[in-house]
A.B. asks: 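Quick one: the structure is below, questions incoming.
Quick note on labels: first sequence line is chain A, next is B, and so on, each numbered from 1.
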Protein chains: 2
Amino acid sequence: MARPTPQTHDEILAAAARRFAATGYRGTSLQDIATEVGCSKAAVLYHFANKEAILTELMAPAIEVFCSLDERIAAQPGPAAAQRVAAEGFVDLAVRFRSEIALLRGEFPELLQQPVFAHIQQISERLIDALAGQSERASARITALVLLAGIAETCGQFADVPDQELGDALLGLLRRALESPIH
Amino acid sequence: MARPTPQTHDEILAAAARRFAATGYRGTSLQDIATEVGCSKAAVLYHFANKEAILTELMAPAIEVFCSLDERIAAQPGPAAAQRVAAEGFVDLAVRFRSEIALLRGEFPELLQQPVFAHIQQISERLIDALAGQSERASARITALVLLAGIAETCGQFADVPDQELGDALLGLLRRALESPIH
DNA sequence: TCAGAGGCTGACCGATCGGTCAGATCAGTG
DNA sequence: CACTGATCTGACCGATCGGTCAGCCTCTGA
């Protein structure tokens, strides 16, 4: 490691983080990163062995904390204690590394720019409004968005769960979680 | 080949859906789709004007239902009724179109194959176990996964919310939503 | 019998990808 | 002065991308 730390290294990391978050890992070329930094593509590959090495260095700190959380959970005496540590630890992780985690969203933001999804974002905002009971409170809007995104993100993984059971579970979750509950 | 097969159109759609869900839109080439179908890339482009047209035809039904849900919500007399319709309508949408929505995850599944994320999936499963209070019930595991994915997916969007406030909101959400609540 | 239409192919195109390489520039050191 | 190592560049490479095109094959109906 060079003593008079060259700032180019960090500038590349910062630029890569912005590009990855905007257009995904695949959707970001080394030339994109180089252009944003203001150097050549070859300069990027001078500071990093390859494209993957950039992603690795970006995510390493968050992953390390994630692994240590896993160990802390495993060290708890019972399910109740494990649940508390898991909840608090994960929330802390999500808050501290939110920008790092955000770039895992991949090509999703760019995908939404496709003509097919032209009105999806506006509709989603109105949907969040409705779920939050038209409340302006930040916590109500956070709750609604987390639930909306979580359901959209995961429902495809329950291919083996019957429609009725999956629907009941999700509706039950919404009833419990929304701040001004459904009557 | 050259069989009288007008079913090729649908086979291409099905193959594209599988590939998009596995490696994302960008990460799936027309050749990938053609190979999975067992025809030439040119045949794919005979049935669809371009790559985007495949995505459009795949998502169109789900988007139409999503738009009509938006209209139904807007037609409700008050916030409470709107919230109920939004919750029930969105859950129904997510359950019915879960495979279509799943392919919006983009490059995420493929990204997790990167060496950096080697142990993330196992750790995530243990984290879900802990959040679900070691319960085997499907609804408990669905709840934990939705919350986990939702927080990870959205926390990056709250760059303007102070850490303390965001953390409190998320922890409050977990307390309310988890089936065997945190003491 | 044969024209025409639908279905499909292989060859090809320009653009862009991740990555390599030889060499230019420059600061520090003896 | 000569030399060295770190930083960076432009030119280039093979592979792959989305997409085009001329033409082949098979089926159908007049």
A.B. asks: Look at the aromatic rings of B:His47 and B:His9 and report parallel, tilted or perpendicular, splitting at 30° and 60°.
C.D. replies: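 Aromatic pair B:His47/B:His9 classed perpendicular.
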A.B. asks: Determine yes or no for a side-chain-to-main-chain donor-acceptor pair under 3.5 angstrom, with B:Gln113 supplying the side chain and B:Pro109 the backbone.
C.D. replies: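 Checking the backbone N and O of B:Pro109 against the side chain of B:Gln113, no donor-acceptor pair under 3.5 Å is found.
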A.B. asks: In whole angstroms, how far is the P atom of C:dG7 from the CD atom of B:Gln7?
C.D. replies: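 It is 12 Å, rounded to the nearest whole Å.
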A.B. asks: If I take atom OH in residue B:Tyr46 and atom P in nucleotide D:dC24, what distance separates them, rounded to the nearest angstrom?
C.D. replies: 17 Å
A.B. asks: How would you summarise protein contacts on nucleotides 11-26 of chain C per nucleotide, using B for base, S for sugar-phosphate only and - for none, with heavy-atom distances below 4.0 Å?
C.D. replies: ------SBBBB-----
A.B. asks: Indicate whether any N or O donor in one side chain lies under 3.5 Å from an N or O acceptor in the other, for B:Thr35 and B:Asp32.
C.D. replies: no
A.B. asks: Is the phosphate of D:dC8 approached by A:His47 (side-chain N or O, under 4.0 Å from OP1 or OP2)?
C.D. replies: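 For A:His47, the contact criterion (side-chain N or O under 4.0 Å from OP1 or OP2 of D:dC8) is met.
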A.B. asks: Between the side chain of B:Gln83 and the main-chain N/O of A:Ala130, is any donor-acceptor distance below 3.5 Å?
C.D. replies: no
A.B. asks: Strictly below 4.0 Å: does A:Thr8 bring a side-chain N or O up to OP1 or OP2 of D:dT7?
C.D. replies: no
A.B. asks: Would you say B:Arg98's side chain and A:Phe158's backbone share a donor-acceptor pair under 3.5 angstrom?
C.D. replies: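 Yes, because the side chain of B:Arg98 sits within donor-acceptor range (under 3.5 Å) of the backbone of A:Phe158.
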A.B. asks: Partners of A:Phe20 by ring pair (Phe, Tyr, Trp, His ring centres under 6.0 Å), sequence neighbours excluded?
C.D. replies: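 Here the qualifying residues are A:Tyr25.
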